[in-house]
**Q** 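Quick one: the structure is below, questions incoming.
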Amino acid sequence: MPTTTEPPPETETEASPWVEVAEFESLDQAYDHGLVILAMGEACKVERDAERGTFALQAEPQPAPKIERELAAYAEELSAPAPARPFADWAPHDAGWPWIYTWIAALLGSFYMQVHHPTWSDWGASSAIPLFRDGEWWRPFTALFLHADLIHLGGNLLFGVFFTYFVGRSMGAARGWPLIILCGAVGNALTDWIHYPEAFVSIGASTAVFAALGLLSGSGVAECWHKRPKLPLARVFAPLLAGFVLLGMLGSSNDPRTDVLGHACGFLVGTIAGTISGFYQHASAPAAAP
């Protein structure tokens, strides 16, 4: 009698050693998330699904649950909104154009008075002997609004608008403009003190203009110092170096009428004030929200 034998039962296909932990629309996304897995010390690979046009990120079965949790945390971190920058960080303020226009009007008005009333310059020029011998304290301030001629006035207006614009943007016009005028006046007084008892006389807004440059340099150093854990030391003092370069380019001249020392004193006082103001701004800034 013929006998039949049943075929042996099919052996179950060996399970794949890889399981899918995530799926992405692009290969770059899959590779980026694969780096998270590699950083965990686990193996992974990417398989393309030709039918769906997607890319599956696969890992070994045992660490798969842990990997999925880590990938979910990474995706949540990517989708979270960026934290608000604290006040002390570079967040441009309004440039303060009303302040700039007022300053321009004051310079033009003072020049008009000089042309029509010559004694205006005699009364307001920064002068070492009247300041320290006669106590005429207003001179370092009033000299900032007087000019020898239209070329002198035009040059200070051109560079002054440029530097004061950025002072307003970086620290705010309400803080920056009083510092510009104060540092300019102190720079004039310092220049007079260095020349005293010589009969030294100077006029012009350039001391305040270079004080504005110093404020930018000093506040830039304070900003970079605040971020020094992430910056090399040379980068921290780069704003100061840039200020010195501009001072040398714009503040020096072979013209004996140019008050080079006044430019340097204005820059020095402005740099000190800008650094102090910058550190104070960081110290008084509210802490960033966690």
Side-chain angles (χ1 to χ4, degrees), residues 95-168 173 176-215 246-247 249-270 273:
W97 283 107
W99 293 77
I100 295 175
Y101 293 145
T102 301
W103 179 68
I104 293 173
L107 295 191
L108 294 176
S110 294
F111 189 72
Y112 174 86
M113 292 295 294
Q114 286 179 261
V115 171
H116 292 83
H117 302 279
T119 57
W120 188 263
S121 297
D122 297 334
W123 173 82
S126 183
S127 184
I129 293 177
L131 174 62
F132 292 105
R133 188 187 66 187
D134 303 329
E136 297 180 359
W137 55 267
W138 63 84
R139 287 180 174 272
F141 170 76
T142 54
L144 298 174
F145 299 89
L146 304 176
H147 292 86
D149 50 43
L150 277 174
I151 296 177
H152 188 205
L153 173 62
N156 282 335
L157 281 174
L158 176 63
F159 293 112
V161 169
F162 181 81
F163 290 137
T164 59
Y165 170 86
F166 285 104
V167 169
W177 268 102
L179 285 175
I180 290 170
I181 301 302
L182 176 62
C183 292
V186 173
N188 276 341
L190 178 59
T191 306
D192 289 339
W193 177 75
I194 293 172
H195 281 285
Y196 187 77
E198 296 177 13
F200 174 77
V201 179
S202 68
I203 56 175
S206 55
T207 311
V209 170
F210 285 101
L213 174 61
L215 286 169
L246 287 174
L247 175 64
M249 291 174 57
L250 305 175
S252 60
S253 173
N254 294 325
D255 188 343
R257 297 178 302 171
T258 301
D259 184 12
V260 177
L261 179 60
H263 297 169
C265 288
F267 177 79
L268 172 64
V269 176

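Side chains are part of it too, since the values below use all heavy atoms of this structure and drop only hydrogens, waters and symmetry mates.
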**Q** Taking the six-membered ring for Trp and the single ring otherwise, decide whether the centroids of F200 and Y196 are under 6.0 Å apart.
**A**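 Judged by ring-centre distance (under 6.0 Å), F200 and Y196 do not meet the cut-off.
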**Q** Rounded to the nearest 0.5 Å, how far apart are OG of S121 and CD1 of I203?
**A**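 Reported to 0.5 Å precision, the distance equals 5.0 Å.
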**Q** I need the minimum non-hydrogen distance between F145 and S110, along with the two atoms involved.
**A**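 Reported closest heavy-atom pair: O-CB, 3.0 Å.
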**Q** Where is the tightest heavy-atom contact between F132 and A189, given as atom of each residue plus distance?
**A**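 Nearest pair, atom of F132 first, then A189: CZ-O, 3.8 Å.
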**Q** Between the side chain of H116 and the main-chain N/O of Y112, is any donor-acceptor distance below 3.5 Å?
**A**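 Present.
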**Q** Which one of Y101, W103, F163 satisfies the ring-ring contact (aromatic ring centres under 6.0 Å, His included) criterion with W177?
**A**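 One option only clears the test, and that one is W103.
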**Q** Is any side-chain heavy atom of L182 closer than 4.5 Å to one of V269?
**A**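 Counting from C-beta outward, V269 and L182 never come under 4.5 Å.
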**Q** Using the side-chain hydrogen bond (donor to acceptor under 3.5 Å, both in side chains) definition, which of the options N188, T191, D192, T142 pairs with S126?
**A**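 So the option named by the test is D192.
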**Q** Enter the distance from I180:CD1 to L213:CG here, rounded to the nearest 0.5 Å.
**A**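 Answer for the CD1-CG pair, I180 versus L213, is 11.0 Å.
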**Q** Are the side chain of Q114 and the backbone N or O of H147 linked by a donor-acceptor pair below 3.5 Å?
**A**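 Such a contact is found between Q114 side chain and H147 backbone.
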**Q** Parallel under 30°, tilted from 30 to 60°, perpendicular over 60°: which one fits the rings of W120 and W123?
**A**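 Rings of W120 and W123: tilted, 30 to 60°.
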**Q** Does D149 use its side chain to pair, donor to acceptor, with the backbone of I151 at less than 3.5 Å?
**A**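 Yes.
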**Q** Provide the closest heavy-atom pair for A95 versus I100 in the form atom of the first, atom of the second, distance.
**A**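 Reported closest heavy-atom pair: O-CD1, 4.3 Å.
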**Q** What closest approach, in Å, do A125 and V201 show between heavy atoms, and which atom pair accounts for it?
**A**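 In this case the closest contact between A125 and V201 is CB-CG1, 3.7 Å.
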**Q** Any idea which heavy atoms bring L144 and I181 closest together, and the distance?
**A**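 It is CD1-O, 3.7 Å.
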**Q** Report yes if some heavy atom in the side chain of L131 is under 4.5 Å from a heavy atom in the side chain of P140; otherwise report no.
**A**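 Yes, side chains in contact.
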**Q** Side chains of L190 and W193: does their closest heavy-atom pair fall under 4.5 Å?
**A**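 They are in contact (side-chain heavy atoms under 4.5 Å apart), so the answer is yes.
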**Q** What's the separation between atom CE in M113 and atom OG1 in T119, rounded to the nearest 0.5 Å?
**A**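 With rounding to 0.5 Å, CE (M113) is 8.0 Å from OG1 (T119).
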**Q** How close do V209 and N156 get, counting heavy atoms only, and between which atoms?
**A**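 Distance-wise, the nearest heavy atoms are CG2-O, 3.8 Å.
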**Q** Students often mix this up, so state it plainly: with edges at 30° and 60°, are the rings of W97 and Y165 parallel, tilted or perpendicular?
**A**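 Judged by the thresholds at 30° and 60°, the geometry between W97 and Y165 is tilted.
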**Q** I'd like to know whether CH2 of W137 has more than 12 heavy-atom contacts from other residues, nucleotides or ligands below 6.0 angstrom.
**A**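 At most 12 heavy atoms, drawn from other residues, nucleotides or ligands, come within 6.0 Å of this atom.
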**Q** Would you say the ring centroid of H263 lies under 6.0 angstrom from that of F210?
**A**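 Under 6.0 Å, so yes.
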**Q** Would you check if I194 and C265 make a side-chain contact, meaning some heavy-atom pair closer than 4.5 Å?
**A**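 Counting from C-beta outward, I194 and C265 do come under 4.5 Å.
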**Q** Find the distance between CZ (F162) and CG (L246) and round it off to the nearest 0.5 Å.
**A**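 One gets 8.0 Å once the value is rounded to the nearest 0.5 Å.
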